J.: 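First, the structure itself, so that you have it in front of you.
The shown structure was predicted, so the numbers you read here are calculated from the model rather than taken from an experiment. First listed ligand is number 1; within each ligand, the first listed atom is number 1.
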Amino acid sequence: MPNAQAFYASIRDELQSIRDAGLYKNERVIATPQGARVRTSDGREVINLCANNYLGLSSHPRVIEAAHDALRTHGFGLSSVRFICGTQDLHKTLEARLSAFLGTEDTILYGSAFDANGGLFETLLGAEDAVISDALNHASIIDGIRLSRARRYRYQHNDMDDLRAQLEQARADGARYTLVFSDGVFSMDGTVARLDQMRALCDEYGALLGIDECHATGFMGQRGRGTHEARGVVGKIDIITGTLGKALGGASGGFTSARKEVVALLRQRSRPYLFSNTVAPAIVGASIAVLDILEGSTELRDRLERNTKFFRAGLDQLGFDVKAGDHPIIPIMVYDADKAQQLAQRLLELGVYVVGFFYPVVPRGQARIRVQMSALHDEATLQAALDAFGQAGRELGLI
Ligand SMILES: *Cc1c(COP(=O)(O)O)cnc(C)c1O
């Protein structure tokens, strides 16, 4: 018994040390659907600049209607994994539609992108193989790689010289197959992977190239296909993982898209696919409607692009330390975790909802506010947000 008590005491100590370090994350409660503005549980309406709702589809009437339709025609849940009795016509349709949208041969759905990455590497690579990973890759990629027995190599973020060095090292170590894997867009910095150069390097070394497109699918590239479209390498990426939980409606669900033999093997062996419930019909039906919208018009991604340009220019003009780029993720560097929290708090008082990011989500001393644009915002709303940033930034001595 004393051991169990000590266990709970040590958990409380750890929580206290997280609070003492200013790193405790509080969850804000929202009482409305996701939107350009949301109401918090204390009744205040605020401009929302922190959702992954890039295209504004999370509460789009057509998407909601499609979810209702699927709920009526296909039920609430399937109470099964895919291979027992959890595959409906809708699932097959969405997989085919995603493949067409991404320019791949086949696609397999997962309960989340975290699961897609978690079930990828272990299934495809063995101890004789190598996986080479960008230093800033998402936690789900890191965990997925950990689950595999492949030898691990890491290159400096977006550094092509170091990627070459690691490819060289993997070859020297006698790797059978080598897979280079990267976020298409990096969620904390908004940097875009150099997929054209990476493809050329991988070809030189006979390596496979995979990307996680969670912050890209639906809006990167002229038709919103993703980072591979933005970098001119559609059809040349071996493996694409992604989420339905961000730009594509924002509910939940993930996928892996690749050559058909790769997807076929994932269906046989990938553990999160085999041992976790199928994606709910309402989400699948709504996701098909999302692809209808995106294939019908580029209006939403075009508006997102305009909003991003407008807001980045406004922040530059105010004098904030902003990480350069053109992605709707806009990191405003504050460096100090406490100060980042203060800025977020002050902005909330001024009617703008943003979140401070600090260790362990970003490296120590790299605290920031991450602003995210949405196609839902209009210029007047964004200008109001910029005014609030100006006031809070001056008060805190950041500009
Ligand atoms: C959000 C995110 C994930 C996880 O997506 P879910 O579908 O919510 O599990 C994985 N990879 C990256 C790069 C992400 O940004």
Side-chain angles (χ1 to χ4, degrees), residues 25 27 34 50-55 57-58 91 94-95 98 102 107-122 131 133-147 154 157-158 179-193 195 198 209-220 226-228 230 237 239-258 266 270-273 275-280 282-284 286-287 290 323 325 327-331 355 357 360-362 368 370-374:
K25 289 186 276 304
E27 295 176 5
Q34 192 60 268
C50 54
N52 298 308
N53 189 17
Y54 295 111
L55 298 169
L57 294 172
S58 303
H91 296 88
L94 178 57
E95 287 173 342
L98 280 168
L102 298 168
T107 297
I108 172 176
L109 296 175
Y110 284 85
S112 68
F114 208 106
D115 277 352
N117 287 332
L120 182 70
F121 303 93
E122 175 189 47
V131 56
S133 176
D134 186 288
L136 291 190
N137 273 348
H138 189 262
S140 58
I141 301 171
I142 296 169
D143 288 7
I145 291 172
R146 273 192 197 142
L147 288 171
R154 206 166 78 138
H157 176 50
N158 241 348
L179 170 62
V180 173
F181 206 90
S182 172
D183 282 23
V185 171
F186 291 82
S187 58
M188 288 300 139
D189 298 80
T191 48
V192 180
L195 297 184
M198 293 170 74
L209 177 58
I211 55 176
D212 173 335
E213 285 280 274
C214 284
H215 287 280
T217 310
F219 58 93
M220 288 293 288
T227 314
H228 58 323
I237 303 295
I239 298 166
I240 295 176
T241 63
T243 186
L244 304 174
K246 287 178 176 135
L248 302 184
S252 64
F255 56 83
T256 298
S257 211
L266 290 170
S270 183
R271 291 164 69 83
Y273 184 79
F275 297 107
S276 185
N277 196 19
T278 192
V279 182
I283 293 176
V284 177
S287 301
V290 164
K323 281 207 181 211
H327 193 272
I329 290 172
I330 309 177
V355 174
F357 285 84
V361 182
V362 295
R368 66 197 67 181
R370 180 180 70 174
V371 167
Q372 288 170 288
M373 290 292 105
S374 169

J.: Starting from the C-alpha separation in whole Å, work towards a yes-or-no answer on side chain to side chain contact (heavy atoms under 4.5 Å, CB included) for Met188 and Val361.
T.: CA-CA 8 Å; Met188 288 300 139; Val361 182; 3.4 Å; yes
J.: Please lay out, stage by stage, how Leu244 and Leu94 fare under the test side chain to side chain contact (heavy atoms under 4.5 Å, CB included).
T.: CA-CA 11 Å; Leu244 304 174; Leu94 178 57; 4.2 Å; yes
J.: Examine the side chains of Tyr110 and Ser270 and answer whether a donor and an acceptor come within less than 3.5 Å of each other.
T.: yes
J.: Students should find this: residues with any non-hydrogen atom under 4.0 Å from ligand 1. What is the answer?
T.: Ser112, Ala113, Phe114, His138, Ser140, Asp183, Asp212, Cys214, His215, Thr243, Lys246, Gly253
J.: Just by distance, with hydrogens left out, do Thr241 and Asn117 show a side-chain donor and acceptor under 3.5 Å apart?
T.: yes
J.: Looking only at the aromatic ring of each residue, does the gap between the centers of His138 and Phe181 stay below 6.0 angstrom?
T.: no
J.: I'd like to check the salt bridge (Lys or Arg N to Asp or Glu O under 4.0 Å) partners of Arg146; sequence neighbours left out, ordered by chain and number.
T.: Asp143
